[in-house]
Q: 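Here it is: the structure, laid out below.
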Amino acid sequence: MARDERTILHCDMDAFYASVEQRDNPDLSGVPVLVGGDRKRGVVCACSYEARPFGVRSGMAMARALQLCPQARVLPVRMERYRQVSERIFEIFHQYSDLVEPLSVDEAFIDVTASRRLLGDGPEIAASIRQTVRDELDLPVSVGVAPNKFLAKLCSGEAKPDGIHVLETGDVEGYLAPLPLGRIWGLGPRGVEKLRRHGCRTVADALRLTPDRLRALFGVQGDRLYNLLRGQDDRPVDPGRERKSVGAEETFMTDLVDLQDLERQLWRLADQVSRRARRLGLGGTVVTVKLKGADRTVRTRSHSFSEVVDQAEPMVAWAQSQLADLVGGQPVRLLGVYLAGLAPVSQLGLFARDERRRKLDRVRDSIRDRYGERGLTRASLIGLSGSVQRQADGVEDGD
Ligand SMILES: [Mg+2]
């Protein structure tokens, strides 16, 4: 790769949730594993590579997946666990560059342009990242190496499972030409259909469309599409891509009606939210409670605090006062707690008066980090029944 070009990596863990489960439980290695909701109304969030020859994909209804692959082992989503592993993965990514842009819990762009002098070229850095993730976490990660984000993401898809795919500038045109237009980032099924009506099925077909024609079809996005079709994408890797909220939600195995049960769940979810926020060094000013009834109607209610909070108590105190009214006597299928209006806590200095409590929180967090969610728990949580944990900000693991 020429020295004046950027080197962008797209790193994507393979079947992340399923790989973590297989690693944590050796009995599952080599076995089709589906991670997701329950067998009746759940969705597959991740499936191991052993399940894929049966036609199982993430995002599929669990019931359908089990028709295709009845011998699969079904496991609940353990989001806390995946987040723990994810934090370590991102620490590794950060050893190679400061420019790390997370796309999800298991996926990131890394601009290693400035690291090349010290750490070697793109493929060498990619190999090193893969080896480090393998050595330290015993998990597979696929890496695409290319001059920009668009191409790097295509390449990591090409690299799967457990590989590296490198695209040099000289090879871009030939690589893109035969690709179906659905592979172009941001071009949804409707866009693909529009282009098909103009006789275009592949990237090569669409190259004959002028910028004016593309603008007529796609508005301002037409210019971007014109460039992407030519493998050009100058968007920077943006490490500052900010989180808008921190949340946790729970879909219950059986609908809850008892207010005390719901309050216990409220505590547990708020605890998780506050712990996540603290781990990120963030607090928030807006708390939202979300509730889905057995009839699937969703109700939310939000409250703004006059100052930034990162602890469960104020969130629960407010939410408890709303609960009876929100529930309205209906059975509850899902409960969620979110914290938004996020800001770094360190810059606020609001908590000096709470220093003792904050120390306690830190001790609690570290015990849980070491021993898991059950390592320490509020007295009121003991005796909770099992339920399906869902990731609050995007349920699917993808690949
Ligand atoms: Mg992945």
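For clarity, every value in this text was computed on a predicted model and none was experimentally measured. Atoms within each ligand, like the ligands themselves, are counted from 1 in listed order.
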Q: Going by an N to O cut-off under 4.0 Å, is there a salt bridge joining R197 and E193?
A: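 Between E193 and R197 there is a salt bridge, with a charged N closer than 4.0 Å to a carboxylate O.
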Q: Looking only at N, O or S atoms, find the one in D106 nearest to the Mg ion (ligand 1) and name it.
A: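 It is OD2 of D106.
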Q: So that I can tick it off, tell me whether R268 and E250 are bridged by a salt bridge, with the cut-off set at under 4.0 angstrom between side-chain N and carboxylate O.
A: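 Counted as a salt bridge, because a side-chain N and a carboxylate O are separated by less than 4.0 Å.
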Q: Using side-chain hydrogen bond (donor to acceptor under 3.5 Å, both in side chains), reason through Y96 and T132 one step at a time and then give a plain yes or no.
A: CA-CA 11 Å; Y96 292 84; T132 307; 3.0 Å; yes
Q: Taking the Mg ion (ligand 1) as the vertex, how big is the angle to OD1 in D12 and O in M13, rounded to 10°?
A: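 Once rounded, the angle between the two atoms at the Mg ion (ligand 1) is 90°.
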Q: Please confirm if an N, O or S atom belonging to E107, backbone or side chain, lies less than 2.8 Å from the Mg ion (ligand 1).
A: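 No.
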Q: Whether K194 engages the ring of F218 as a cation-pi pair (distance to the six-membered ring centre under 6.0 angstrom, angle to the ring normal within 45°) should be assessed.
A: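 Yes, cation above the ring, under 6.0 Å and within 45°.
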